[in-house]
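Here's the structure we're looking at; comments come further down.
We count ligands from 1, going down the list as the structure has it; atoms in each ligand are counted the same way. These numbers were taken from a predicted model, which means no experiment stands behind them. Scope of the values below: all heavy atoms of this structure, side chains included, with no hydrogens, waters or symmetry mates.
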Amino acid sequence: MDEHDLPRHVAVIMDGNGRWAKKRLLPRAAGHRAGMNRMIGLAEHIFARGVKICTLFALSTENLSRPAQELDGLYALFREYFPKNARTLREKSIALKVIGDRSLLPADVVSLIEEGEALTAGGRAGLMQLAIGYGGRQDILSAVNRAVRGGKEVTQQEFSCLLSTGGVPDPDLLIRTGKELRLSNFLLWQTAYSELYFTDVLFPDFTDKELDKALEAYARRERRFGKV
Ligand code: IPE
Ligand code: IPE
Ligand code: MG
């Protein structure tokens, strides 16, 4: 694959942890733990392939109305894994940014996020955006409200900068694991021209090889952006 065929920014909707566990007669929490382990390996592989920006959808605003027991389990996993992984990203000079509405998250989780972001802030080799408590409509709406407060009309480019993803280039490739064919309120504005790749593979089974398949599919796409 030559450099030109490689996406600069890959976004992943990591779905299917619960069904992965169910298939194995395990509790959903076991699926989330398997998903967390896979997420760490996958992120490493994505950057090793030469992708510069990676955005992972870990928890949507809508997911926040799941039962408290499941959410508590997810936050516990976050507390267990996040600090160590922030240090690993720092070693690789990858900046970490969490997007989403932090006011919806437990205070100690927000503190860990802030520490992780501060630790990796100087990273120049790549950018990892983790979407937690994230909703695409909420993202657009808060950008609209910021624009309104600015008191003048904005261009598309200026509007993009008001979103939680700031001035980061849009995803070239959006992958969704776990069989569903929808965006589930992920990056709605930012994916206007992303190439979409859907797979039945449940997230914990989405191996590095499966990622390579998605990159190969991307390399075969012809991106026209409306032109002839
Ligand atoms: C995705 O897996 C992870 C989160 C949304 C937290 P799910 O938990 O949605 O797994 P399924 O879709 O029930 O299999
Ligand atoms: C999308 O998965 C959100 C994440 C993977 C974080 P969901 O499981 O929440 O999506 P729906 O409910 O099937 O649309
Ligand atoms: Mg799901």
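Here the side chain of Arg19 pairs no donor or acceptor atom with the backbone of Asp15 at under 3.5 angstrom. Formation of a donor-acceptor pair under 3.5 Å by the Gln129 side chain with backbone atoms of Cys54 is not found in this model. In this structure, Asn185 contributes its side chain and Gly136 its backbone to a donor-acceptor pair below 3.5 Å. Although no hydrogens or angles enter the test, the distance criterion places a donor-acceptor pair under 3.5 Å between the side chain of Arg221 and the main chain of Leu196. The backbone N or O of Leu59 lies less than 3.5 Å from no partner atom in the side chain of Asn63, so there is not a single donor-acceptor pair.
Shown are the protein N/O/S atoms under 2.8 Å from the Mg ion (ligand 3), given by residue and atom: Asp15 OD1.
Checking Arg8, Arg223, His9 one by one against Asp172, the side chain to side chain donor-acceptor pair (under 3.5 Å) holds for a single residue, Arg223.
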Would you mind listing each N/O atom of ligand 1 next to any protein N/O under 3.5 Å, plus the distance?
from: ligand 1; atom 1: 2 (O); to: Asp15; atom 2: OD1; distance (Å): 3.4
from: ligand 1; atom 1: 2 (O); to: Gly16; atom 2: N; distance (Å): 3.4
from: ligand 1; atom 1: 2 (O); to: Asn17; atom 2: N; distance (Å): 3.3
from: ligand 1; atom 1: 8 (O); to: Arg28; atom 2: NH2; distance (Å): 2.9
from: ligand 1; atom 1: 8 (O); to: Arg66; atom 2: NH1; distance (Å): 2.7
from: ligand 1; atom 1: 9 (O); to: Asp15; atom 2: OD1; distance (Å): 2.9
from: ligand 1; atom 1: 9 (O); to: Arg66; atom 2: NH2; distance (Å): 2.9
from: ligand 1; atom 1: 10 (O); to: Asn17; atom 2: N; distance (Å): 3.2
from: ligand 1; atom 1: 10 (O); to: Gly18; atom 2: N; distance (Å): 2.9
from: ligand 1; atom 1: 12 (O); to: Asp15; atom 2: OD1; distance (Å): 2.9
from: ligand 1; atom 1: 12 (O); to: Arg19; atom 2: NE; distance (Å): 3.4
from: ligand 1; atom 1: 12 (O); to: Arg19; atom 2: NH2; distance (Å): 2.8
from: ligand 1; atom 1: 13 (O); to: Arg28; atom 2: NH1; distance (Å): 3.1
from: ligand 1; atom 1: 13 (O); to: Arg28; atom 2: NH2; distance (Å): 3.1
from: ligand 1; atom 1: 14 (O); to: Gly18; atom 2: N; distance (Å): 3.2
from: ligand 1; atom 1: 14 (O); to: Arg19; atom 2: N; distance (Å): 2.7
from: ligand 1; atom 1: 14 (O); to: Arg19; atom 2: NE; distance (Å): 2.7

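Within 6.0 Å of atom CD in Glu158, more than 12 heavy atoms from other residues, nucleotides or ligands are found, so the atom counts as buried in its surroundings. Atom CZ of Arg90 sits in a sparse spot, with 12 or fewer heavy atoms from other residues, nucleotides or ligands closer than 6.0 Å.
Placement of Tyr75 and Leu56 within a single hydrophobic cluster is found when ILVMFWY residues are connected by side-chain heavy-atom separations under 4.5 Å, directly or transitively.
Taking every heavy atom of Arg182 and a limit of under 4.0 angstrom, the matching atoms of ligand 2 come to 11 (P), 13 (O), 14 (O).
Nearest heavy-atom pair, Leu187 versus Tyr134, reported as atom, atom and distance to 0.1 Å: CD2-OH, 3.5 Å.
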